A.B. asks: 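Have a look at this one.
Since the structure is predicted, the reported quantities are computational estimates derived from the model, not experimental observations. When a residue number appears, it is its place in the shown sequence, counting from 1.
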Amino acid sequence: MTFIFHEQYEERRYFNLLKLSDVRYEKLPFCMRVLLESAIRKCDGFYIKTDDVSSILDWQMQQNQAEVAFSPARVLLQDFTGIPAMVDLAAMRDALAKQGVDPNLVNPRCPTDLIVDHSLQIDYSKCSSSGHCAGQRPGHQGSCSKASCSDAPSGRSAAVQIENTPLLCPFHLQPVSEPETMIRNQEMELIRNKERLQFFKWCSKTFKNINVVPPDINAVHQVNLEYLCQVVQEGEGFIYPDSVVGTDSHTTMINGLGILGWGVGGIESEAVMLGQPVSLTLPQVVGCKLVGTINPLATSIDIVLGITKHLRQAGIGRKFVEFFGPGVQQLSAPDRTTIANMCPEYNATVSFFPVDDVTLQHFKNTSTDHPLVVLEDYLKAIKLFRSYGDQSDEPQYSEVIEMNLSSIVPHVSGPKRPQDRVAVTCMKEDFINCLNEKVGFKGFHISKEKQATQVPFLHEGAEYNLAHGSVVIAAVISCTNNCNPSVMLAAGLLAKKAVEAGLTVKPYIRTNLVPGSGTVTHYLNTSGVLPYLRKLRFEVVGYGCATCVGNTAPLPESVVDAIKQGDLVACGVLSGNRHLEGRLCDCVRANYLASPPLVVAYAIAGTVSINLETEPLGVNSEGKDVYLRDIWPSKEEVNHTEENIVIASMFKELRSRMEKGSTFWNRLESAESALFPWDPKSTYIRCPSFFSKLVKVCTPQSIEGAYPLLFLGDKVTTDHISPAGSIARVSAAAKYLQSKRLTPREFNSYGARRGNDAVMTRGTFASIKLQNRLIGKTGPKTLHIPSGQMLDVFEAAERYQRDGVPLIILAGKEYGSGSSRDWAAKGPYLMGVRAVIAESFEKIHRNHLVGMGIAPLQFLPGQNADSLELCGKERFTINLPQELTPRQQLTTSTGKSFSVTALFENDMDVAFFRHGGILKYVARSLLL
């Protein structure tokens, strides 16, 4: 070890990797150097062995071969995936207490931060004082109390001057003043989620080594960027590089600041919390060389979408990506974090930007607990600091992909997948092609004679028309983009110019602005652009994930009726990272990802069927056409505003607010006991049954006579398996909640109820977009094969379990793609699913299946259910040998035999599976 010493600071110790005196170290990619430092520092001969150190140092020869263990510096949880993790730990305490073990032994061993940010729903949004409120809940009656609504006067000014305009209470049609929008949504969030918040409060007081950030402070990635990240951590007497694993696939956002991190999901993160390292195959590292000069009209979102498509086409699945080249210096720290956030969309594991002068300047502006001189000296001392002026120490990469930034022009992505990128100038033509194409990843198959359909409807006393391509949702939301001052300020400056030019947004369009943190609101307000966004109906409705996870307020009934009447392909435009069909709203089939300023532009246009280069956005009061180029802010304007607004004082103020917490949170009462006092009446928090039969020794048994619960196709996402949005009134979960005497208004969302296994199991495979070949149509139904009855998926699984019949799932390619979601594995496990046989798996979901003791089995190359002539009604027997090994071929019998590959990547996977999953593995380790 070596020491860093400065006269004004205390002496720091660190492990000096240069003392290895090995020329291979300086040829390692920077992300591999972080892995190596961790392996050396954490090497204990048990979890992390000297072989791990040797393999990483010999990365050039060991990539894609050697398995190594990695112990990150910390764990990051958001509440949707964090609450089941904490419920599991609370349940583990109960299970160990019943075995006579001290429950206080169950604590996170790795520092853990839990950010409550996914609970926000939009109950209040901007609308005028006449007609029906767009957020009205059908069937709600009663008078409006002063506690929930204000009686601010209504009225709107026709002048350019910005004035507060009223809202309507979504339940009572009474006016609510505009500044109260965010407050009312936050109040509803706190009331709706009180049980969950009390549980989180208990966790914060009872468990050691965990920090809970209360709601309405920041979104999870904003907290990570603005508050938690250190670049260099300090603990156990040493300084070392920061690193993190998180329960969200977009944890990679932190890579933009030179911090190694990726999403592992709730199940694996629980193991890390309890002291287990992450096991990974040493990846290939692709060097992405950025050259050229950025187009003035291109935002970081355009660059993100360009890189997403470029790298996806390059086939970099499961690889690390490290950016280098002269183009990197043109990207600000927020630009880099935005690019890194989209890493899962091009199927990479990591998108790493090494620390350089730009990173240091970012921390100088936003403050950090570590003295920057120590941080810089330490990183330079172990060669983790990137200097683009010195080309002599270029790392060696597995391969290099070059991208010219000057070739990137404004794009959007859609209408169903983030990798389907469309130039803005080609948007109209592409949308028409989508109408013509057969139903698929891009097509909607609308006949030629119906493509010109227009449906008139009344809204707030005025008549409007909807057509194919009409925008009905325009959302600047918290995922991905709101961390980036340049794109958010560009949206605000565009709104300012639009309002000054006399442009407006039609009142029936569901618009909202959900910033990633108060920092965004602060600089939008300080820069003077927030009032103009309000004028265009983009009102701050709260902080957290809302539209992105399906929590947007309902569309006006007249809009929904018009869409259904004309069978219209209505559109949503959002500045997020996911836009799967039906995710925003069931009746909105086409959804596009766009930069925040383009979201505002399309909202003004009211349609995506427009060429923004040659067609006007609208007409001003003088009847003159106004084009996008007339109101698009220049890069110089944006940069000037950013430099003068985004300053350290904003971040310091918000850090102070975060540390103080909210009055509601500080006053919230919770139990003081070591064991959580489960409330049998609770519909939010319930002790799961994962540990109900915990014994010291467990041997996996072969799967005999299993029926397929579902027969699925390609690209089944975690949204299909475990929805995160609203709970449909006719679903199995709804029936359960109604049996508990809850009304539909009180259902909340699946994400909010992830602490209740009864709700989440019933919500498994409850997506209306699920395509099950056993029944031949879309919906959350399946065939109960013995009886021939078509049932809800949960009801069928319940009947199979009652009869003692094991279950499997048949699927195609990329099973489990999409957001990391632990309940996409926990739900099937509690349904009785023992194995999933698919052509391929998304990596994180494969890890989750293993973590729950479900076998991920892959058809052999060239084989699938169709080639093997499987109809999905057979009974399957899968032989599991006592001495199971990684990637072993197993014999499967349905009357005829075929082989599948067990996708256990290493001995740790096998150990987890043999014990029935990670949770039981950890619990048994505490019993011994």
A.B. asks: Side chain to side chain contact (heavy atoms under 4.5 Å, CB included) for Leu360 and Leu375? Distances and angles first, verdict last.
C.D. replies: CA-CA 9 Å; Leu360 290 182; Leu375 184 153; 3.4 Å; yes
A.B. asks: Check the surroundings of atom NZ in Lys442: do more than 12 heavy atoms from other residues, nucleotides or ligands lie under 6.0 Å from it?
C.D. replies: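 Yes, because the 6.0 Å sphere around NZ of Lys442 holds more than 12 heavy atoms from other groups.
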A.B. asks: First locate atom CG of Leu857, then atom CD1 of Ile837, and finally report the distance between them rounded to the nearest 0.5 Å.
C.D. replies: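 The CG atom of Leu857 sits 5.5 Å away from the CD1 atom of Ile837.
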A.B. asks: Is there side-chain contact between Ile408 and Met403, with heavy atoms separated by less than 4.5 Å?
C.D. replies: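 Result yes, sub-4.5 Å side-chain heavy-atom pair found.
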A.B. asks: Check whether any side-chain heavy atom of Leu260 lies under 4.5 Å from a side-chain heavy atom of Pro241, and answer yes or no.
C.D. replies: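 Leu260 vs Pro241: side chains apart.
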A.B. asks: Which is it for Lys289 and Glu394 under the salt bridge (Lys or Arg N to Asp or Glu O under 4.0 Å) test, yes or no, and what are the steps along the way?
C.D. replies: CA-CA 12 Å; Lys289 186 175 184 179; Glu394 287 290 339; over 6 Å; no
A.B. asks: Determine whether a donor-acceptor pair (N or O, by modelled atom type, separation under 3.5 Å) exists between the side chain of Ser840 and the backbone of Glu814.
C.D. replies: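 Confirmed, Ser840 side chain pairs with Glu814 backbone.
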A.B. asks: Where the side chain of Lys843 meets the backbone of Thr349, is there a donor-acceptor pair that is under 3.5 Å apart?
C.D. replies: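 No.
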A.B. asks: Could you check whether any side-chain N or O of Ser54 sits under 3.5 Å from a backbone N or O of Thr50, counting only pairs where one atom can act as donor and the other as acceptor?
C.D. replies: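 Yes; at least one donor-acceptor contact below 3.5 Å.
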A.B. asks: For Thr885 and Gln888, run side-chain hydrogen bond (donor to acceptor under 3.5 Å, both in side chains): C-alpha distance rounded to whole Å, both residues' side-chain angles, the deciding distance at 0.1 Å, then the answer.
C.D. replies: CA-CA 6 Å; Thr885 58; Gln888 184 175 353; 3.1 Å; yes
A.B. asks: Which atom names give the shortest non-hydrogen contact between Ala348 and Val321, and what distance separates them?
C.D. replies: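 Closest pair (atom of Ala348, atom of Val321, distance): CB-CG2, 3.9 Å.
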A.B. asks: Is there a side-chain contact between Thr901 and Leu860 (heavy atoms, below 4.5 Å)?
C.D. replies: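 Sidechains of Leu860 and Thr901: in contact.
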A.B. asks: Main chain of Gln230, side chain of Asp242: is a donor-acceptor contact present, judged purely on distance under 3.5 Å?
C.D. replies: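 Flag set: sc Asp242 to bb Gln230 pair under 3.5 Å.
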A.B. asks: Are the side chains of Asp909 and Arg846 in contact, using a 4.5 Å heavy-atom criterion?
C.D. replies: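 Yes, at least one pair of side-chain atoms sits under 4.5 Å.
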A.B. asks: If you define the side chain from C-beta out and look only at heavy atoms, does anything of Leu17 sit under 4.5 Å from Ile40?
C.D. replies: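 Leu17 reaches Ile40 side chain to side chain.
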A.B. asks: Is the cationic atom of Arg312 (NZ for Lys, CZ for Arg) positioned less than 6.0 Å from the six-membered ring centroid of Tyr346 and within 45 degrees of its normal?
C.D. replies: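 Geometry flag: not set, cation outside 6.0 Å or 45°.
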A.B. asks: Can the ring centres of Phe913 and Phe904 be said to be less than 6.0 Å apart?
C.D. replies: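 Yes, ring centres under 6.0 Å apart.
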A.B. asks: Nearest 0.5 Å, please: how far is CG in Leu228 from CG in Asp113?
C.D. replies: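 If I round to the nearest 0.5 Å, the distance is 4.5 Å.
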A.B. asks: Between Thr252 and Ala340 (side chain of the first, backbone of the second, donor and acceptor by atom type, cut-off under 3.5 Å), is there such a pair?
C.D. replies: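 Judged by distance alone, yes, a pair lies under 3.5 Å.
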A.B. asks: Can you check whether Glu26 reaches Leu18 side chain to side chain, under 4.5 Å on heavy atoms?
C.D. replies: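 Glu26 vs Leu18: side chains touch.
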A.B. asks: If we count only N and O atoms by modelled type, under 3.5 Å, do the side chains of His250 and Asn341 hold a donor and an acceptor together?
C.D. replies: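 Yes - a donor-acceptor pair under 3.5 Å links their side chains.
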A.B. asks: Minimum heavy-atom separation for Tyr815 to His845, with atom names?
C.D. replies: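 Looking at all heavy atoms of both residues, the shortest contact is CE2-NE2, 3.3 Å.
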A.B. asks: Any chance you could lay out the side chain to side chain contact (heavy atoms under 4.5 Å, CB included) test for Leu593 and Val412, step after step, and finish with the verdict?
C.D. replies: CA-CA 6 Å; Leu593 303 183; Val412 297; over 6 Å; no
A.B. asks: Would Asn847 and Ile267 count as a side chain to side chain contact (heavy atoms under 4.5 Å, CB included) here? Give the steps.
C.D. replies: CA-CA 8 Å; Asn847 292 343; Ile267 298 169; over 6 Å; no
A.B. asks: Can a side-chain donor-acceptor contact be found between Tyr47 and Gln276 if the only test is distance below 3.5 angstrom?
C.D. replies: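 Side chains of Gln276 and Tyr47: pair found under 3.5 Å.
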A.B. asks: Would you check, one step at a time, whether the test salt bridge (Lys or Arg N to Asp or Glu O under 4.0 Å) holds for Glu842 with Arg318?
C.D. replies: CA-CA 9 Å; Glu842 196 278 334; Arg318 303 175 65 178; over 6 Å; no
A.B. asks: Thinking salt bridges, do Asp44 and Lys49 make one under a 4.0 Å N-O criterion?
C.D. replies: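 The answer is no: the pair does not qualify as a salt bridge.
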A.B. asks: Determine whether Met61 and Asp58 make a side-chain contact, defined as any pair of heavy atoms from C-beta on separated by less than 4.5 Å.
C.D. replies: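 Contact flag for Met61/Asp58 side chains = yes.
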A.B. asks: Looking at CD of Glu270 and OG1 of Thr112, how far apart are the two atoms once the value is rounded to the nearest 0.5 Å?
C.D. replies: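 Separation between the atoms: 10.5 Å.
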A.B. asks: Give a yes or no on whether the ring-centroid distance for Tyr25 and Trp59 is below 6.0 angstrom.
C.D. replies: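 No, the ring of Tyr25 stays outside the 6.0 Å limit from the ring of Trp59, centre to centre.
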A.B. asks: Are Gln396 and Gln60 packed together at the side-chain level, in the sense that at least one heavy-atom pair is separated by less than 4.5 angstrom?
C.D. replies: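 Contact flag for Gln396/Gln60 side chains = yes.
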A.B. asks: Would Arg417 and Asn591 count as a side-chain hydrogen bond (donor to acceptor under 3.5 Å, both in side chains) if you check the C-alpha gap in whole Å, the side-chain angles of each, and the deciding distance to 0.1 Å?
C.D. replies: CA-CA 9 Å; Arg417 303 187 303 174; Asn591 298 296; over 6 Å; no
A.B. asks: Can you name the closest pair of heavy atoms from Cys110 and Pro72 and give their distance?
C.D. replies: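 Closest heavy-atom pair between Cys110 and Pro72: SG-O, 3.7 Å.
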A.B. asks: Taking Arg887 for the side chain and Ala902 for the main chain, is one N or O donor matched with an acceptor at less than 3.5 Å?
C.D. replies: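 Absent.
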A.B. asks: Run the side chain to side chain contact (heavy atoms under 4.5 Å, CB included) test on Glu67 and Leu282 for me, step by step, so that the C-alpha distance in whole Å, both residues' side-chain angles and the decisive distance to 0.1 Å come before the verdict.
C.D. replies: CA-CA 6 Å; Glu67 290 289 327; Leu282 272 180; over 6 Å; no
A.B. asks: Is the Lys NZ or Arg CZ of Lys813 less than 6.0 Å from the centre of Phe841's six-membered ring, within 45° of the axis?
C.D. replies: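 No; the conditions do not both hold, so Lys813 does not lie above the ring face of Phe841.
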A.B. asks: Counting only N and O atoms by type, is there a donor-acceptor contact under 3.5 Å from the side chain of Thr717 to the main-chain atoms of Gly818?
C.D. replies: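 Checking the backbone N and O of Gly818 against the side chain of Thr717, no donor-acceptor pair under 3.5 Å is found.
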A.B. asks: Looking just at side-chain N and O atoms, do Asp335 and Ser332 make a donor-acceptor pair shorter than 3.5 Å?
C.D. replies: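 Looking only at side-chain atoms, Ser332 and Asp335 do form a donor-acceptor pair, the distance falling under 3.5 Å.
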A.B. asks: Report the distance from atom CG of Asp822 to atom OG of Ser722, rounding to the nearest 0.5 Å.
C.D. replies: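 Going from CG on Asp822 over to OG on Ser722, the span is 8.0 Å.
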A.B. asks: Less than 4.0 angstrom from a charged side-chain N to a carboxylate O is my criterion; do Lys380 and Glu376 meet it?
C.D. replies: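 So Lys380 pairs with Glu376 through a salt bridge.
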A.B. asks: Report the distance from atom CZ of Phe912 to atom CG of Leu849, rounding to the nearest 0.5 Å.
C.D. replies: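 That separation rounds to 14.5 Å.
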A.B. asks: Quick one: closest heavy-atom pair of Ile854 and Ala825, and the distance?
C.D. replies: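 Heavy-atom minimum between the residues: CD1-O, 3.6 Å.
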A.B. asks: Of the non-hydrogen atoms in Leu598 and Pro410, which two are nearest, and what is the gap between them?
C.D. replies: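 Closest approach of Leu598 to Pro410, heavy atoms only: CD1-CB, 4.5 Å.
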A.B. asks: Do Phe15 and Phe238 have ring centroids that are under 6.0 Å from one another?
C.D. replies: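 They qualify: ring centres under 6.0 Å apart.
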A.B. asks: Just verifying a value: how many Å separate Tyr592 OH and Lys416 NZ, rounded to the nearest 0.5 Å?
C.D. replies: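 Those atoms lie 10.0 Å apart.
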A.B. asks: Compute whether any side-chain donor of one residue and acceptor of the other, for Ser398 and Gln63, lie under 3.5 angstrom apart.
C.D. replies: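 Ser398 vs Gln63: donor-acceptor pair found between side chains.
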A.B. asks: Please say which of Arg386, Arg336, Gln361 ends up in a side-chain hydrogen bond (donor to acceptor under 3.5 Å, both in side chains) with Asp356.
C.D. replies: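 Among Arg386, Arg336, Gln361, the one meeting side-chain hydrogen bond (donor to acceptor under 3.5 Å, both in side chains) with Asp356 is Arg336.
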A.B. asks: Do the side chain of Thr337 and the main chain of Pro334 share a donor and acceptor less than 3.5 angstrom apart?
C.D. replies: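 Yes: the side chain of Thr337 pairs with the backbone of Pro334.
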A.B. asks: Quick check: does any side chain N or O of Asn255 sit under 3.5 Å from a backbone N or O of Ile259, one acting as donor and the other as acceptor?
C.D. replies: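 Yes: the side chain of Asn255 pairs with the backbone of Ile259.
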A.B. asks: What are the two closest heavy atoms between Gly812 and Ala838, and how far apart are they?
C.D. replies: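 Closest heavy-atom pair between Gly812 and Ala838: O-CB, 3.5 Å.
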A.B. asks: Pair up each side-chain donor or acceptor in residues 322-330 with any protein partner under 3.5 Å, not counting sequence neighbours, and list the distances.
C.D. replies:
from	atom 1	to	atom 2	distance (Å)
Glu322	OE1	Phe30	N	3.0
Glu322	OE1	Cys31	N	2.9
Glu322	OE2	Phe30	N	3.1
Glu322	OE2	Tyr397	OH	2.8
Gln330	OE1	Ile294	N	3.2
Gln330	NE2	Gly292	O	2.5

